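Quick caveat: nothing in here was measured; it's all calculated off a predicted structure.
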Amino acid sequence: MKKLSLIFLFTLLFISNSNAQMGFGKLEDVMEVQEKTLLVITDAQSSSLLKKIEKDPEKYTEYSDEIDQYNLALKEAFNKTWTFSNKIEYITQEELASIEKDKSKKGNYAYFDNQINRSPSRFTSSSSKAGDPDTYSLVLGLTDQKKPVYQMMYATLHPTEADLTFIIQQFQNYLNTRIALKTDKKSKKDIREELKENANLLKTKTLLLDENFVDDDLKKNINEIYKFKYKLTSKEEIDKAILSRNAEIAYIRAVPVTQQSGGKNSVVKLSKLIFVQYVVSAEDGKILGYAAPSAMGLGGNLGALTSSSNRNTTEKDLEKIIKNID
C-alpha cells in the first residue's frame, strides 16, 4: 500500500496556507489510531432546521429519510472498506461528547466524524439553488487529542455508499502511507516520479467522467485531447464501478481543498471552494493524477488564489492530468 495515495497526500502537504482544509497528525497519533477502536459518528437531525420545516410533513419526511440513508451508507462503506484497525463502533455525537469528558474512557478510542453543512434552502426553498451540493468536513482524530490526525472536505448532494467509500479509501491510504514513510523517506522528487508511474495506468483503464460535471468545451473536444478509452456517463455508473472495485475503471472526482477566507466563523459556501480534480482507480482508490488550479500544486500556495476554481472538468484539467502519461 505504499503508493496508494502519495499524490493525494503530498499535493496538499506542501501547501503552506492556514486555510487549507487538511490536517496532519503526528506519526505516533497515526499509529495509535491503528491500535484503538474506531468510533464512527452517525448523523442526526438538526434542531434548528427541524424548527423551520416542522409544519411541512413532506419536507420533514424528506429530511429524516436523508439522514437515515446517509447513516446506512456510512455503515455499509466502513464495514466493507475500513481495514486499518480491527474494531468499529457506531455512536452518536452526544455519545462521543460523553466519552471525551470521561477521563477513564477518552484515551481508549479514535473517531471519525463528519460535520455536515446542509443548505437549509434545500428544505425551505423552491429556488434553483435548493439543489446545490452540501459541504462535508470529515475528521479523523483521537478522543484524547484536540488536533485531528487527518481531515478533508467533500462536496456533494446526498452522499452515497460510493462517495463514502472514496472518502474512507483516502483516509486509509493516508494512514498507511504515513506509516510506510517511516522507513522509506520519500522526497518531493520521489512523489513526482510516482505520479508519472501512476498516470501510465490510465493507458489500460477506461476513464469515466460524470457528464453533469464536464465543461461544454471539453465535451466537444475530448477526442482531440484524450487518446485513451473514456466514457461520459452518470454518477450512478461511476458509483457502481467504485463499489465493485472494478480494476479496469478510473474516474475523476473533484475534491474541495480550501475555502477562501471570509472570517473565522464564516459559513462554507460552495461558490468559494477551491477544487482539485483527482483521477482515481475504482479498484482501490489509488490516485492516478490530478489537476489543480494554476497557483497551486506540489509546493504551490493557496494564498495566491484570488477566485474559486470550477468544479467542472475542463480541457485544461484533462491536459494537466495526462501530461505525465508517457
Side-chain angles (χ1 to χ4, degrees), residues 1-15 22 24 81 83-84 150 152 154 162-163 165-210 213-214 218 222 225-231 238 241-257 275-294 296-300 309 313-326:
M1 287 200 175
K2 293 180 181 180
K3 293 183 180 179
L4 283 183
S5 195
L6 285 174
I7 300 305
F8 188 90
L9 165 62
F10 284 102
T11 298
L12 301 166
L13 183 58
F14 296 133
I15 295 172
M22 287 287 182
F24 301 96
T81 307
T83 59
F84 187 74
Y150 187 63
M152 64 178 281
Y154 199 67
D163 288 306
T165 296
F166 164 77
I167 290 166
I168 294 165
Q169 285 173 336
Q170 302 316 316
F171 271 78
Q172 193 158 249
N173 291 342
Y174 164 77
L175 295 168
N176 282 311
T177 298
R178 282 295 303 274
I179 290 178
L181 288 175
K182 182 179 180 181
T183 55
D184 290 357
K185 296 181 180 180
K186 299 290 183 180
S187 67
K188 291 183 183 181
K189 182 178 179 181
D190 295 328
I191 296 161
R192 292 189 180 99
E193 290 303 313
E194 289 185 3
L195 174 58
K196 292 178 182 179
E197 291 179 25
N198 288 347
N200 285 321
L201 295 175
L202 287 171
K203 292 179 179 179
T204 60
K205 296 180 185 290
T206 299
L207 180 64
L208 301 185
L209 299 94
D210 187 336
F213 294 104
V214 176
L218 177 56
I222 190 169
I225 299 171
Y226 197 74
K227 304 302 181 182
F228 308 104
K229 293 180 181 179
Y230 75 89
K231 183 178 181 182
I238 297 172
I242 294 171
L243 294 179
S244 64
R245 278 37 174 199
N246 192 328
E248 298 179 356
I249 297 296
Y251 62 95
I252 291 181
R253 186 57 45 96
V255 179
V257 293
F275 287 88
V276 172
Q277 307 233 357
Y278 290 98
V279 184
V280 188
S281 169
E283 180 181 16
D284 52 18
K286 178 187 290 184
I287 302 300
L288 307 181
Y290 74 97
S294 57
M296 68 175 282
L298 288 176
S309 59
T313 306
T314 66
E315 291 178 294
K316 288 184 178 180
D317 290 331
L318 196 55
E319 287 169 354
K320 289 178 181 179
I321 286 167
I322 66 175
K323 70 180 181 180
N324 286 320
I325 300 177
D326 294 334

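- The backbone N or O of Thr204 sits nowhere less than 3.5 Å from a side-chain atom of Lys229 that would complete a donor-acceptor pair.
- Shortest non-hydrogen contact noted between Ala162 and Ile242 is O-CG2, 3.9 Å.
- Across every non-hydrogen atom of Asp317 and Thr313, the tightest pair is OD2-CA, 3.6 Å.
- Under the 4.5 Å side-chain criterion, counting only non-hydrogen atoms from C-beta, Thr206 is not in contact with Glu248.
- In this structure, Gln172 contributes its side chain and Phe84 its backbone to a donor-acceptor pair below 3.5 Å.
- A donor-acceptor pair under 3.5 Å is formed between the side chain of Gln170 and the backbone N or O of Gly285.
- Relative orientation of the Phe166 and Tyr251 rings is perpendicular, given thresholds of 30° and 60° on the angle between their planes.
- Of the inter-residue distances, the one linking Asp163 atom CG with Ile168 atom CD1 reads 11.0 Å to the nearest 0.5 angstrom.
- Aromatic ring centroids of Tyr226 and Phe228 lie under 6.0 Å apart.
- In summary, Arg253 and Asp210 do not engage in a salt bridge, as defined by a charged side-chain N under 4.0 Å from a carboxylate O.
- The side-chain heavy atoms of Leu209 and Ile222, taken from C-beta on, include a pair separated by under 4.5 Å.
- Considering only heavy atoms from C-beta on, Ile322 stays 4.5 Å or farther from Leu207 through its side chain.
- Taken from CG in Asn173 to CG in Asn176, the straight-line distance is 7.0 Å, to the nearest 0.5 Å.
- Counting heavy atoms from C-beta outward, Thr81 and Arg245 have side chains that approach closer than 4.5 Å.
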Taking it one step at a time, do Lys227 and Ile325 satisfy side-chain contact (heavy atoms from CB on, under 4.5 Å)? CA-CA 11 Å; Lys227 304 302 181 182; Ile325 300 177; over 6 Å; no

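- Minimum heavy-atom separation, Ala247 to Lys205: O-NZ, 2.6 Å.
- Asn198 CG to Leu288 CG: the interatomic distance, rounded to the nearest 0.5 Å, is 6.0 Å.
- Taking CD of Glu319 as the reference point, atom CG of Leu218 lies at 9.0 Å (rounded to 0.5 Å).
- A 6.0 Å sphere centred on NZ of Lys203 holds more than 12 heavy atoms belonging to other residues, nucleotides or ligands.
- Summarising the geometry, atom CD1 belonging to Ile179 is positioned 10.5 Å from atom OH belonging to Tyr174; distances are rounded to the nearest 0.5 Å.
- For Ala282 against Ala241, the heavy-atom pair with the smallest separation is CB-O, 3.7 Å.
- Considering only heavy atoms from C-beta on, Ile252 comes within 4.5 Å of Ile321 through its side chain.
- A distance of 5.5 Å separates OH in Tyr154 from CD1 in Ile167, rounded to the nearest 0.5 Å.
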